[in-house]
Every structure is written in C-alpha cells, then in structure tokens.
Number of protein chains: 2
Amino acid sequence: MEFPEQVEPTLRQFRYFIAAANAGQISQAAIDINVSQSAITNAIKSLEEMIGSALFERHANGVSLTYEGNLFLDHARHVVASVEEAIRLPRRIREDVRGSLNLAVSYTVAGYFIPTHLARFSRAFPNVKVNMVESDRGPIEEGLITGGFDLAVMLTSNIANHEELSHETLLRSRRRLWLSANHRFLQQPSASLQEISAEPYIMLTVDEASNTAQRYWKKTPYRPNTIFRTSSVEAVRSMVAIGMGVAILSDMVYRPWSLEGRRVEVMPVSEPVPTMDVGFAWSIGTELNEAAKAFVEFLHLAMGVDQH
Amino acid sequence: MEFPEQVEPTLRQFRYFIAAANAGQISQAAIDINVSQSAITNAIKSLEEMIGSALFERHANGVSLTYEGNLFLDHARHVVASVEEAIRLPRRIREDVRGSLNLAVSYTVAGYFIPTHLARFSRAFPNVKVNMVESDRGPIEEGLITGGFDLAVMLTSNIANHEELSHETLLRSRRRLWLSANHRFLQQPSASLQEISAEPYIMLTVDEASNTAQRYWKKTPYRPNTIFRTSSVEAVRSMVAIGMGVAILSDMVYRPWSLEGRRVEVMPVSEPVPTMDVGFAWSIGTELNEAAKAFVEFLHLAMGVDQH
DNA sequence: GATATCTATCTGAAAAACAGATAAATGGTA
DNA sequence: TACCATTTATCTGTTTTTCAGATAGATATC
C-alpha cells in the first residue's frame, strides 16, 4: 500500500463518493463527473480507511452502499451542501430586508467612517434605502427623539441626552499629535501638552472637537495656542503639513498626505488623551425597524463587536 | 497571478481560514496549526477569489474579519463540524437503542445471510441483545403470531399465513445450476430443465427447497432425477464438485470451492426459475419494539432498500 | 469460450500545496 | 529619523498529492 495514510478527508472525496453512490457504479460515476475511474476508486478507498468501515459492497456490475455507507451518504450530502452555501451566501444579496433607514451622521463619521461601510451595506442590502443626513450633535439627538431619524452614527462620547437616548460604541480611535515632517518634536518619542501648548495650534471645530479638546486641556494648567479655527480636516492637514501649526486629532481622520502632497507626521501625546468614540445612538423608547436592525448587525459584524 | 483559477474550495482552505479568524493573525494561526504562513495567506486569498469579496481586512498587526468574513466564518465552522460528524458518525455506537430482539431465522438465512449483517449490527447497537433462533417455516410463523418471536428473517416466498403475517423482501437471489468443473454442460451457454432431468440431482431439503423446486419442475413434463437428499449445503457442494450430480440452488449459498477444495461451477438454467427471496416477516397486529425497528432499519440501509 | 463490463492496482505525468526566503508595510522604540 | 520587530504578500524550488491511462482480475452475458 502506497497510500499516504490520510487522516482528514477532502471535499473532493466527498463529491466522488456521492457521485458513486448516485450512479451505483464507480465507472459510470467517473463518466458523470468527468474524471477517471481510478480517481473515484481511490477516493472511496481513502474514505473507507479513514472511517474504518466499508462504504460500498463491490459487485461485478457495480457497487451498493453498506449500512455505514448509507449513513455516510447523508452526511456527505450535507457537507457538500454546506460548502455550497458557504461559498454562495456571503455574497448573497439580502433582498429579503426591505424598507428605508433615516440615518443621521456627524461630520467626521460622514467623511471618514461611513462611506466604505455604507457602500458594502448597500451592495448587501439593495432593497434598503438609506437616507443619510449629516448634522450636528444637537439636531441629531433631537431628530432621534422626535422620530425624524431612526438611527445615528456619531461620536458617542459627546452625547448629552442620556435619558432618552441609548448608544453603543463601535470604534475607539486614538488621538495623536499631528505635525509637519520636519518638526523638531519628531526627535522625541512623544510630546507633552505643555510642549504642545507652546506651539501654534490648528483647532478643528467640527463634531465639537474643541469641546472635547477642552476636556483634556482642562486637566492641565496649559491651553492650546490656537492660531486658526476651521471646520475642514483638509485645511488642518494642509496647514500642519506646511508647518503652520500642530493639531491633536484622531487616527480615524489621519492621512499621511495633505491635498498638496506634503507629508503629515503623527506622534503620541505624553498625557492620556481620550479616544474618539464612534458608535450608534437611538431613541430608548422606539424599536428599530428592520432596515435599521440590518444596518446595526452589519456594522457589528464588520467591526467585530462580537469577536471578544 | 499564478493561481489556477480555483472554483471549488477545499476543506483545508476552510480550516486555514478558521485558524486565521481565531488567531486574528495569519502568522500566529500558522504557528497554531503548524503550517507555513504563506500556506494560510494563499488559502485565504483563494477563498476570497472564489467568494468574490474580502474575508479579512489586513492590518500591520494582524487581520480582522469583514462583514462577509463574519458570515463566512459561521458557514466554515459548520462545514468543518459536518465533516467531523461524517467521519465520526458512521462508526458511531448507537448506545441509545436498548432492548432485546427475539429473532427467528430459517436455515439458509442463518448460514449465508445473517452472520455478516448481525455482526455489524451488534457492533453498531451494542445494547441490543439479539436472541437468534433457527427454525423451520412452520414454527417461525407460529412464534411470530404468538409473540415468541418479534421478527423473522426467512424466505418470504414460502410464507403460508398471509392473514396474520406481513412480510417484506430484502433480497432476491437467483437460482442457477451447480455442476462440477469438468461437466459437459459447461460448454453450453445454459442448461434446460429437460437436460438437467437426465442428470443425477442432489436435492437440498432445508428451507423447503424441495417444495420450491416442485414449483418450477411442475411446469414441465420433467422431474429431477434425485439420487440424494440432504439438509447440508456443504454436502451438496462437495457432491457436485466431485461430479456425483448437479443441483439448482441460489447464488446466496453458492461458493466456488467445496470443503475439499474442489471447484464448483455454476451456469444459468434456460427456463425461468424463481428467485430465492429473503426478507422480514412479522405479526400484522403487533408493533415492533425499538430493537426490532433498529434491526429493520439497519438491514434496509445495508440492502439499499430505499435506493430506488 | 469470447466478450463486455465491472472494480482494483500500478505507473508516470501533471497539478497542487507547501516551506522557506524575501519583499513591503506598519507599529513601536530609541 | 533611524532601527528593530512583526505583520501580510509574493516568489521560488521542492515535495506531496492527484490523476489519467494502462492493465489485471473478477463476474455477467452471450
């Protein structure tokens, strides 16, 4: 016996076995599935060795299943069907889920988080119409409560109304110091808030970023030396890149290159700076509709929420 | 891209994918399952091409499942579990079925049909105690009706009491002419009953074989030239082998060699000769107990009753 | 006995899978 | 910035596996 002492079956062996069981003849099965007779004979032989009992009785005019072979056939069919499903289902279009989703998103989420996920979601759930509205925290919270929005994806750490809104964090993005490629700080492992306070600072105003900034500056005697306030992340990036100032922003919106092609570097802040938390928010009282549930589940899976 | 444009996944790819999903890192998964990192990388890449979407997002410190990857993981685990079950279950000991089976069998069944099946059945159902009794048709039918036997495996074509007994045929075994290796008939394609009637005939008496024989001899003007009557198939075989006579018996009891090592040949009879039908018999009124049902199902599968 | 048809086995060739080496990208650290 | 550690991706040569075709053996049919 020259056989490699197989321990694990292969799918091919299952298919060959099923073909033989269907045909009642190994040679006919070989014709059916367009392989050689010896290939099927060997596949079955291997399976029988693995299982430890004969699957077929061999006759002069074909083969017939033994008791064990009959049991195995059921399992084999199940296995092949499961494989079929596994390959087919992940890209299955979930046409069963219908309806519309009124989704509110905040600025950074709209630009840096939602797009890729929303694209995939729409491919997977083509019958869900997503009406996405970008807005500020206040109007979003109000819309969720009044029912104007089904669901929001926003910065969860900023949420004010905890009586009427639930939230769930999907992603925590670290905040670090952005600076130009030739900044002297880059020779240090990190920069302290004290050091940063001496630098010209570019303040991003969207998503209440300045409010958030206050939270960690307030714990120190220092304040940022804000020379410019903008609602554009691209503006921040460009200004940082050409050396006009530094900024503390989340990794989620970080890109190494500015629009002009200049490099933006990044480094940790010595003091603990809160992460930027992105997640869902919804009204406590009302149940999510089918489309919203699908979207929540979709992002759960994409973010690996259940992974731990 | 040097890849062979795979269409069907392999089980190995499923296993590698699961390992990577569990570990969160391809390289760690490679260590876990003791293969090279490139093997897993390639397996995942192939799967992604087959499915048509990414299963993982690649990061600098590992991989994380995409939405599609999460869905696929469920399927993959199911597939591997099903394979596991398929390989393990056919030899699973059915300890759940308990009880005793009072089984009656007729002579030829006891010697040439039951043993191999009963051995396998007992391995599969160790908690079923089979009390097997060999008897003649009359006492078997009586025992089935009075409840002394739960079930019988016998020659169904011989059953007399059709009012109180049900039966089901499992196997039809062709009857052919047995003769010695140098018999002149062997130069013909077949032998007619007329020709056979001129030969010395060895009559087997068990299982009412002589009654059965009468059924087809009666349709002709000829009668077998019986020179010896015996209840031993071995005796028939030996006597045929040394050329003392011929016999018409079923393939089920045919063996090419006699006890003395002489060859017994076999050839068809020209006229239609009824097959020997082996099957179950049981009392119409009573329901089979669990052990009996298991035995019936076992033989159904072994004989491929549901195959057609 | 000849023929046809079945499964089992053998052999050389083709295909696939793999390990190992290396590249490319990124994070952490000094 | 540089350097190191660690990640995934890719490439290469080798090993392993799979396979088709040929052949043998067994059995049914004619």
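- Neither OP1 nor OP2 of D:dA26 sits under 4.0 Å from any side-chain N or O of A:R58.
- OP1 and OP2 of C:dA17 both lie 4.0 Å or more from every side-chain N or O belonging to B:Y16.
- Put simply, the side chain of B:R175 gets close to the backbone of B:T275: a donor and an acceptor are under 3.5 Å apart.
- Residue whose closest nucleotide on DNA chain D sits further toward the 5' end, between A:N61 and B:G62: B:G62.
- Between the P atom of D:dC19 and the CD1 atom of A:I33 lies a distance of 9 Å, rounded to the nearest Å.
- Using a 4.0 Å heavy-atom criterion, one finds that A:F185 contacts no nucleic acid atom at all.
- At whole-Å resolution of the value, CG in B:N42 and P in C:dA21 are 17 Å apart.
- A:Y16 meets the ring-ring contact (aromatic ring centres under 6.0 Å, His included) test with no other residue; sequence neighbours excluded.
- Toward the 5′ end of DNA chain C lies the nearest nucleotide of A:G24, the other residue of the pair B:A60 and A:G24 mapping further downstream.
- A:E195 has no carboxylate O lying under 4.0 Å from a charged side-chain N of A:R184, or vice versa, which leaves the two without a salt bridge.
- Map B:V63 and A:A181 each onto its nearest nucleotide of DNA chain D; the residue landing nearer the 5' end is A:A181.
- When the P atom of C:dA4 is taken as reference, atom CD1 of A:I31 falls 16 Å away, rounded to whole Å.
- Per the geometry, CE belonging to B:M267 stands 13 Å off P belonging to C:dG1, to the nearest Å.
- Within the 4.0 angstrom heavy-atom criterion, only backbone atoms of the sugar-phosphate kind lie near A:R174; the bases stay farther away.
- Taking side-chain N and O atoms only, B:R12 has a distance below 4.0 Å to OP1 or OP2 of C:dC18.
- For B:F56 and B:F72, the distance between ring centers is not under 6.0 angstrom.
- Nearest-nucleotide assignment on DNA chain C puts the 5′-proximal partner with B:L186, out of B:A43 and B:L186.
- Here the closest heavy-atom approach between residue A:A20 and residue A:I26 is recorded as CB-CG1, 4.4 Å.
- The base of C:dA8 is paired with the side chain of A:Q37 by a donor and an acceptor separated by under 3.5 Å.
- Distance NE2 (B:H59) to P (C:dG27): 10 Å, rounded to an integer number of Å.
- Atom OH of B:Y254 and atom P of D:dT27 are 9 Å apart (whole Å).
- Distances shorter than 4.0 Å separate some side-chain N or O of A:S27 from OP1 or OP2 on C:dT7.
- Side chains of A:H183 and A:E199: a donor-acceptor N/O pair is present below 3.5 angstrom, by distance only.
- Nearest nucleotide to the side chain of B:T41, out of C:dC18, D:dT8, D:dA28: D:dT8.
- Of the side-chain N and O atoms in A:K45, one or more sit less than 4.0 angstrom from OP1 or OP2 of C:dT9.
- Nucleotide D:dT27 holds its C1' atom 12 Å from the CD atom of B:E265, rounded to whole Å.
- A straight line from CG of A:L47 to P of D:dT18 spans 11 Å, rounded to a whole angstrom.
- Residue B:Q25 places its side chain closer to D:dT8 than to any other of D:dT10, D:dT8, D:dA20.
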